[in-house]
Amino acid sequence: MIINVEVADPYSVGNIAAILSEIASRLGTLADGGETSLIDLKSLPLSSGEYEHLRFTLGRGEVTASLDAIGMSEIVETQFSGVWWITHYNDQGDIVADLIEIATIPNILLSQPEDMRTGLALLHAIISRPASSHD
Amino acid sequence: MNPQDLLYWVRGTGLQIAAAIFVLGMSYRMLHLVLLGRKKSLAIPRGSEWAYGLRIMWQRSFVLPELSARGKFTVVAGYIFHLGFLITLFFLSQHIDMLRAILKFGWPALPRSVIDIAAILSIAAMIALLVHRIIDPVKRLLSDFQDYLTWALTFLPLLTGFMLLRSIGFGYTTLLTLHILSVELLLIAIPFTKLAHMFSTFVSRWYNGASAGFRGVKA
Amino acid sequence: MADHDSLEHRLAEQGISRRAFLKFCAAMASLMALPPGSAVAIAAALAKAKRPSVIWLSFQECTGCTESLTRSHSPTLESLIFDMISLDYHHTLQAASGFAAEKSRDDAMQAYYGKYLLLVDGSIPTKDGGVYSTIAGRSNLDLLHEAAKGAAAIVAVGTCAAFGGIPMAKPNPTGAVAVSDLIKDKPIINISGCPPIPAVITGVLAHYLTFGELPALDELGRPKAFYGETIHDHCYRRPFYDQGKFAKTFDDEGARNGWCLYELGCKGPTTHNACATTKWNGGAGFPIEAGHGCLGCSEPNFWDAGSFYAPLPAPSADVTTIAEVAAVTGAAAAVALSALDRAKKKRAQQAHEKLTVKDL
Amino acid sequence: MNTLQRGINAMIEQIDAPIATFFTSCVHCGLCADSCLFYTETQDPKFTPIYKLEPLRRIWQQEYTFWGKLMSQLGLSKPVTDAELAAWEPLVYDSCTLCGRCSLACPVGNDIVYMVRKMREGMVASGHAPEGLKGATQRAIGLGSPMGVNLNTLMAHIHNTEKETGLSVPLDKEGADYMMVLSSAEIAEYSEIVSAVTRIFHQAGVSWTMASDGFEGTNSGIQIGSSDLAAELLSRVVRAAERLKVKYVISPECGHAYTALRWEGPNLIGRPYHFEVIHIIELLDQLRSEGRLRTEGLDETRMTFHDPCQMVRRGGVVEQPRNLLHMVAPNFVEMPDAGIQNWCCGGGGGVSANERAEPLRIKVFSRKKAQLDAIGVDTIVTSCSNCRTMLLDGLEHNSMNLNVVGLTELIAEHLAPASK
């Protein structure tokens, strides 16, 4: 027996339009020199179809970055400049945070002063180390 | 009692109490009315009591004589209120769910947009009728406390129901509880107030029509 | 010394960068259902967070809550958090057994008296002195009272601990009650659900860990961040509800089209939980997404609130019988009282003094 | 029993299933006001029909409802007082002609006029009836006619008719088919009717008679609301008719006489008649349809017909007068609201006999005036002698120069000569 499962347009439920207009309004604010902002996709009621639809609509733009820190993170500028899709994964590859950031550059990509100082200390240690120690 | 228990109570025990009072009260009141009896006329009839009585029961809902502006207002607003109320009562899918659970049969619901319009119009008509009752000299003279009480008891289910559909104000659980509770208060009040006209109207019309039919009066 | 106990320090020791820490905080914010911008505040708070002792007592329960927690799909994060707590007693998870197990609990209770977090899953039978559930010969009732005394706060995990749950369902043969029915002098946080969403358990722990206090609670003691709104409020099928499009059976056109399950008994509108957004099984979905209505498991007495498949507006008790009895009673009363009225009318007719022209 | 107790007792007696149902159904919508001449022409809310029944409603509530009885037992209800009944007397008598228009208007179907009629039973028993109506009733009982006419007056008309027409007017003829009854207004003012029916019946070959002891059809007892007195008046006609063994009694051109004879009569005397009652207009239409009533010539005057309330709304006689008018009046036009919804002349239900009500009655004639102004006629035809008097009176007060004629007379004027 074949059960014909037909899914009517999963996008017709109207949640996508609301998210897109929210993104548009925030992007407008940013373009006018306003503040950056974040949308937590996990807090929104999205069916899997809608999620895919959102991903498809926003698309991929010019920049893609990845971060490897307690699991991978994927940072993608969507086809709309200033709208970034940030997905944090854990070691097992599960999504632990899924965010839309409206910013000139996502905060997570910026190098952190603490890390810079750690790096700097390490760099100094390398410089001050005698050449002989290189085995 | 937590909100869930309260909701459960109004859906169960509360409804049983309200239904019992409503059914007992109306069964008592309607039968009591008719059992008071009337003298059978000894005159020779010119027409049928039953046929014309039954006709007026139905017809009086539609045929009304010429009216003044204030009369027209009452009739139009009254129609809108009654129709809106009945449409929301009998054709909102949630209500059909409830009735199906009791009656073991159901019928198709009307689209939500129609229900919305009916509810809004009904609420607006009720408010207009209340204002009219206060400002119109005839209605003001006729009105007593009961007229305002029954207004409020009829208005509350409409209001809470509308708030529930549109998610206005409180949370769903609270609104659903308030809505069912207000319906229960209404049910309890019906047998003791002029709201009993929901049934007795048809008996009134029959008596009126029967009297006219007996004399061969054709309106 | 204290600094060395902080999460930030421990992370640094593990070679985790500040950027990774920020990522962790973003994940925490998402987990705790806090605004996404609060990651920075979390980072600041976590820098000072301490490692609390946790004692987990399991009473009249099915271990589903623990199962739920261990099936959690963000293990790295959980492990980070569990790194940050000292789970000193959990009789299902701990390695120790027998007297050693009980001893570790007693030790922790003494060592961290007044500071430890008490987690409870399962309801507590109270009938007949609480004999219906015992651990190592001691009743749950006894254990709870003892452990509660020194607890900083109690987390009731699962609907059984929070509201009595299934053991308390009618006819409740063991006299089961919720933690909050017995303990009145400690802050209690209810994480209801059957089972609760794992991320909610960890989210609440993370909140306690981060801010050192319990999150804001609703009137039933549940964290507002997760239970503040209903399933219905965030259900992706909500637009269908608003349009009045309902599945009538589990295999009709409406069901296939993903319409609202209200008429099939979905309790989403009256159920406060985060299933619709946090979802289950690593975000795979939640019951409604699988085509079944919400059972309302995170609400009190969900087991006794009528059929899972009866729509919300349906009466939760039999109205027909009572109405039939009422109709007959009313009719009988009408017959009896109208006889009195007719007698009154007859008396009036007998008392009638014939009017004559002299009376005018 | 004092008069108040007697009045209240009468109301308790009268309250029946219809009345209980009507009061149960009333939603205080006020629509009946619009149907009442006295409200529409004065805009005074106290003339709202259902309001006129307030004391009766209270008695129903206190005596016949569960809560009302409970409240009375607990002493929480306000009993109906004599002063209250006195205050309501003008509402129940002066501003109600028992026209029954409200009973057609009520959306919940209350037969309001039925209740007013019943309430008057209590009012008159409690001594609260208008003096004018009391006087009329006393004259009717004592002298045989509310207007004081007697057999001698009638005999004079009979003589004149016999002289004028050369026909004999049968009196006390046993075994006739029909017994003609007249209204006191006809005997007093519109005596042409005697000649008219004599000629018509002669042409049509109707076997008829009048009764020397039962010629007066007007029933003041019905108007004042006393079944006891109404029965006494009615029984005179019944006795005469049954003595003469007639098959039919002809109700005169008088609305309340028709109601009394046709509908209330058997109930007043407590048994069915041994004869049937037919209105003169019904009989004439019947003769017309049988070809026994033939007219000649037409009256070109623009004329209209005033439907008496008791004939149409309370009697069901609507088509018959029109059939007759079409025989002789080519320029007949209907008034607005003609037929079942026609407006009362303002003097029915005893109002015409109630001098106190006269200013109000004249005032509310404005409705009839508006109806007449709308069609611009020269002659009003009607089939109720009381309406006829009230119309003449109203026209005079409004300086309107219109003729008012009785339908039977109009037909008689155009009667074709006997063909054989």
Side-chain angles (χ1 to χ4, degrees), chain A residues 3-18 35-51 67-73 75 86 88-101 106-119, chain C residues 8 11-12 14-31 33-40 72-80 199 231-240 242-243 251 253-259 274 276-279 282-285 288-289:
Chain A
I3 296 172
N4 224 341
V5 178
E6 271 184 52
V7 177
D9 182 7
Y11 318 127
S12 65
V13 292
N15 292 327
I16 293 294
E35 57 193 9
T36 65
S37 56
L38 275 162
I39 295 169
D40 184 354
L41 291 173
K42 282 182 119 184
S43 71
L44 299 174
L46 290 173
S47 68
S48 42
E50 285 178 316
Y51 183 83
L67 169 70
D68 184 3
I70 42 170
M72 296 301 294
S73 292
I75 297 113
I86 302 165
H88 293 307
Y89 299 91
N90 62 12
D91 281 344
Q92 269 68 37
D94 302 311
I95 295 174
V96 294
D98 209 6
L99 309 161
I100 302 277
E101 183 161 357
N107 194 43
I108 196 78
L109 286 179
L110 298 175
S111 296
Q112 299 295 316
E114 292 88 338
D115 294 342
M116 286 189 257
R117 269 191 284 279
T118 310
Chain C
E8 191 184 28
L11 293 174
Q14 289 173 29
I16 289 171
S17 69
R18 174 71 187 179
R19 187 187 270 129
F21 180 60
L22 284 177
K23 169 175 167 177
F24 169 74
C25 292
M28 292 274 276
S30 183
L31 179 64
L34 294 170
S38 52
V40 181
S72 175
H73 274 251
S74 39
T76 304
L77 207 55
E78 251 81 76
S79 65
L80 280 172
I231 302 293
H232 183 68
D233 289 332
H234 286 293
C235 181
Y236 72 104
R237 298 197 190 202
R238 173 64 183 272
F240 291 121
D242 290 334
Q243 291 160 26
D251 60 352
E253 195 66 24
R256 273 174 224 138
N257 288 342
W259 289 359
T277 47
T278 305
K279 303 195 177 173
I288 292 169
E289 216 166 342

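For clarity, every value in this text was computed on a predicted model and none was experimentally measured. Chain A is the first sequence line, chain B the second, and so forth, proteins listed ahead of strands; every chain is numbered from 1.
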Original post:
If every non-hydrogen atom of A/Tyr89 is compared with every non-hydrogen atom of C/Lys23, which pair is closest and at what distance?
Top reply: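 A/Tyr89 and C/Lys23 have their closest heavy atoms at O-NZ, 2.9 Å.
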
Original post:
A/Leu99, A/Thr118, A/Leu67: which one forms the most heavy-atom pairs within less than 4.5 Å of chain C?
Top reply: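 Ranked by contacts with chain C, first place is A/Leu67.
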
Going from [atom1] on [X] to [atom2] on [Y], what distance comes out if it is rounded to the nearest 0.5 angstrom?
| X | Y | atom1 | atom2 | value |
| --- | --- | --- | --- | --- |
| A/Lys42 | C/Thr278 | NZ | OG1 | 7.0 Å |
| C/Leu22 | A/Glu114 | CG | CD | 8.0 Å |
| C/Arg19 | A/Asn107 | CZ | CG | 10.0 Å |

Against chain C, label [X] side chain, backbone, both or neither, depending on which of its atoms sit under 4.5 Å from a heavy atom there.
| X | value |
| --- | --- |
| A/Leu41 | neither |
| A/Ile108 | both |
| A/Leu109 | backbone |

Subject >> Winner by heavy-atom pair count (cut-off under 4.5 Å) against chain A, out of C/Ser30, C/Ala20, C/Cys235, C/Ala284 >> reply: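 So the answer, after comparing C/Ser30, C/Ala20, C/Cys235, C/Ala284, is C/Ser30.
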
**OP:** Applying salt bridge (Lys or Arg N to Asp or Glu O under 4.0 Å), name anything that partners C/Asp242, two or more places apart in sequence or on another chain.
**Re:**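 Salt bridge (Lys or Arg N to Asp or Glu O under 4.0 Å) check on C/Asp242 returns C/Arg238.
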
Original post:
With A/Asp40, which residues qualify under salt bridge (Lys or Arg N to Asp or Glu O under 4.0 Å), at least two apart?
Top reply: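 Not a single residue meets the salt bridge (Lys or Arg N to Asp or Glu O under 4.0 Å) criterion with A/Asp40.
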
